[in-house]
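Worksheet for the structure shown next.
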Amino acid sequence: MSTQKFIVLSICTFGFYELYWCYQNWVRLQSKSTKDISPFWRTFFAPLWNFRLFGSIRDMAVSENVAVSWSAGVLGALYLVLSLLWRLPDPWWWLSFAALLALVPVQQTAQRINRLYVAEGERPENHTYSKTNIVTIVIGSLIVILAVVGTFIPE
C-alpha cells in the first residue's frame with residue numbers, strides 16, 4: 001500500500017491500522033519461514049516484537065539488494081518508547097501518535113521489496129481507498145477531531 005494511505009489509516013484508527021500492518025507482515029514472514037511463529041501474539045506485543053519484525057524486513061531487503069538506510073534496533077526502540085507515551089496525561093499522550101514515524105521507513109522498504117515480485121501489468125502499490133477505508137477514515141477522523149477538541153477544551 002502507498003505510504004500516504006498507510007499514514008492516513010493509522011491516524012484515523014488511533015494506531016490500530018499499525019497493528020493490522022504488523023500482523024499482515026508477520027503472516028507473510030511466517031509463510032516464508034520454517035519456524036513456528038504466532039502472528040497474533042507477535043502483533044499483540046508489537047512494541048517488543050517489532051525489533052524482530054523490522055530486522056526481518058531489513059534482512060530481506062538486503063538479500064534482495066534493496067537499499068536500506070535505517071537501523072532495526074533504532075526504529076524498534078523508537079517505536080517502543082513512543083508507543084508507551086499513551087500513558088502520559090493530557091495532552092502529552094498525543095505524542096504516542098508519533099510511533100507511526102518509526103514504521104514509515106520500514107513500510108517503505110517493504111513496498112520496495114514487494115515491487116520486485118509484482119507481475120508485469122499489475123499495480124505495485126495500492127493507492128486507492130475502498131468503501132471500507134473511506135468509512136473508516138470518515139468515522140475515525142470525527143473521533144480524532146472530538147478527541148483533540150476534548151483534550152484541549154478547558155474544563
Side-chain angles (χ1 to χ4, degrees), residues 1-88 92-120 122-130 132-141 143-144 147-148:
M1 87 164 36
S2 70
T3 302
Q4 175 196 16
K5 184 175 177 180
F6 177 72
I7 292 170
V8 168
L9 288 171
S10 293
I11 291 171
C12 290
T13 62
F14 278 86
F16 284 106
Y17 194 80
E18 295 167 23
L19 296 176
Y20 175 74
W21 178 85
C22 290
Y23 177 79
Q24 289 299 322
N25 278 284
W26 279 119
V27 167
R28 283 173 178 76
L29 288 172
Q30 180 186 36
S31 71
K32 296 178 186 290
S33 174
T34 58
K35 298 177 184 174
D36 185 28
I37 63 173
S38 172
F40 174 80
W41 289 111
R42 290 188 182 209
T43 301
F44 188 80
F45 295 107
L48 300 174
W49 277 103
N50 274 352
F51 287 93
R52 185 67 191 120
L53 177 62
F54 296 173
S56 295
I57 292 173
R58 181 181 171 77
D59 292 345
M60 188 180 297
V62 169
S63 72
E64 296 288 349
N65 295 319
V66 173
V68 179
S69 60
W70 47 267
S71 162
V74 170
L75 289 182
L78 183 63
Y79 185 81
L80 174 65
V81 169
L82 291 172
S83 294
L84 295 174
L85 296 181
W86 71 271
R87 300 283 298 155
L88 292 175
W92 300 107
W93 68 270
W94 283 98
L95 293 172
S96 67
F97 271 80
L100 170 64
L101 299 176
L103 292 175
V104 169
V106 182
Q107 188 268 342
Q108 290 174 331
T109 300
Q111 265 182 328
R112 289 194 300 274
I113 294 168
N114 288 337
R115 283 185 200 132
L116 299 174
Y117 297 102
V118 173
E120 192 165 324
E122 290 183 15
R123 289 190 305 162
E125 297 173 13
N126 178 357
H127 288 66
T128 60
Y129 292 92
S130 69
T132 304
N133 293 152
I134 293 169
V135 169
T136 300
I137 291 167
V138 169
I139 294 171
S141 296
I143 293 170
V144 169
V148 169

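Not measured: the values here are computed from a predicted model.
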Under the side-chain contact (heavy atoms from CB on, under 4.5 Å) criterion, do Trp49 and Thr43 qualify, and how do the steps go?
-> CA-CA 7 Å; Trp49 277 103; Thr43 301; over 6 Å; no
Nearest heavy-atom contact between Gln108 and Thr3 is CG-OG1, 3.3 Å
Strictly by modelled atom types, are Arg28 and Gln24 linked by a side-chain donor-acceptor pair under 3.5 Å?
-> yes
Please examine the side chains of Ser96 and Leu82, heavy atoms only from C-beta on, and report whether any two atoms are closer than 4.5 Å.
-> no
Could you give the distance from CG (Leu100) to OG (Ser10), rounded to the nearest 0.5 Å?
-> 5.0 Å
Minimum heavy-atom distance between Ala110 and Ile57, given as atom pair plus value = N-CG2, 4.3 Å
Where is the tightest heavy-atom contact between Cys12 and Val144, given as atom of each residue plus distance?
-> CA-CG2, 4.4 Å
So do the side chains of Met60 and Thr109 get within less than 4.5 Å of each other, counting heavy atoms only?
-> no
Roughly how far, to the nearest 0.5 Å, is the CD1 atom of Ile113 from the OG atom of Ser63?
-> 7.5 Å
Would you call Tyr79 and Val106 a side-chain contact if the rule is heavy atoms closer than 4.5 Å?
-> no
Please indicate whether Phe40 has more than 12 foreign heavy atoms, meaning atoms of other residues, nucleotides or ligands, lying under 6.0 Å from its CZ.
-> yes
Least distance between heavy atoms, Arg58 atom then Ala72 atom = CD-N, 4.3 Å
Could you pull out the closest heavy-atom pair between Ile37 and Gln30, with the gap in Å?
-> O-NE2, 2.8 Å
Cut-off 3.5 Å, side chains only: do Asn133 and Thr136 have a donor facing an acceptor?
-> no
Report yes if some heavy atom in the side chain of Tyr117 is under 4.5 Å from a heavy atom in the side chain of Glu64; otherwise report no.
-> yes
How far apart are the C-alpha atoms of Trp92 and Leu85, what are their side-chain angles, what is the distance that settles it, and do they pass the side-chain contact (heavy atoms from CB on, under 4.5 Å) test?
-> CA-CA 8 Å; Trp92 300 107; Leu85 296 181; over 6 Å; no
Looking only at heavy atoms, what is the nearest atom pair of Ser56 and Leu29, with distance?
-> CB-CD1, 3.7 Å
Nearest-0.5 Å distance, CZ of residue Phe45 to CG of residue Asn50 = 13.0 Å
Worked verdict on Tyr23 versus Trp26 for ring-ring contact (aromatic ring centres under 6.0 Å, His included) = CA-CA 5 Å; Tyr23 177 79; Trp26 279 119; over 10 Å; no
Heavy-atom side-chain proximity of Trp93 to Arg87 below 4.5 angstrom = no
Looking only at atom types and distance, does a side-chain atom of Gln107 sit under 3.5 Å from a main-chain N or O of Met1, one as donor and one as acceptor?
-> yes
Rounded distance [0.5 Å steps], CZ in Arg42 versus CG in Asn25 | 13.0 Å
Is Asn114 reaching over with its side chain to a backbone N or O of Gln111, donor-acceptor style, under 3.5 angstrom?
-> no
Under the ring-ring contact (aromatic ring centres under 6.0 Å, His included) test, which residues partner Tyr17, sequence neighbours left out?
-> Tyr20
Test item: Cys22 and Leu53 side chains (from C-beta on) under 4.5 Å apart, heavy atoms | yes
Compare all side-chain heavy atoms of Phe54 with those of Leu103 and state whether any distance is below 4.5 angstrom.
-> yes
Please name all residues satisfying side chain to side chain donor-acceptor pair (under 3.5 Å) with Trp94, sequence neighbours left out, ordered by chain then number.
-> Thr151
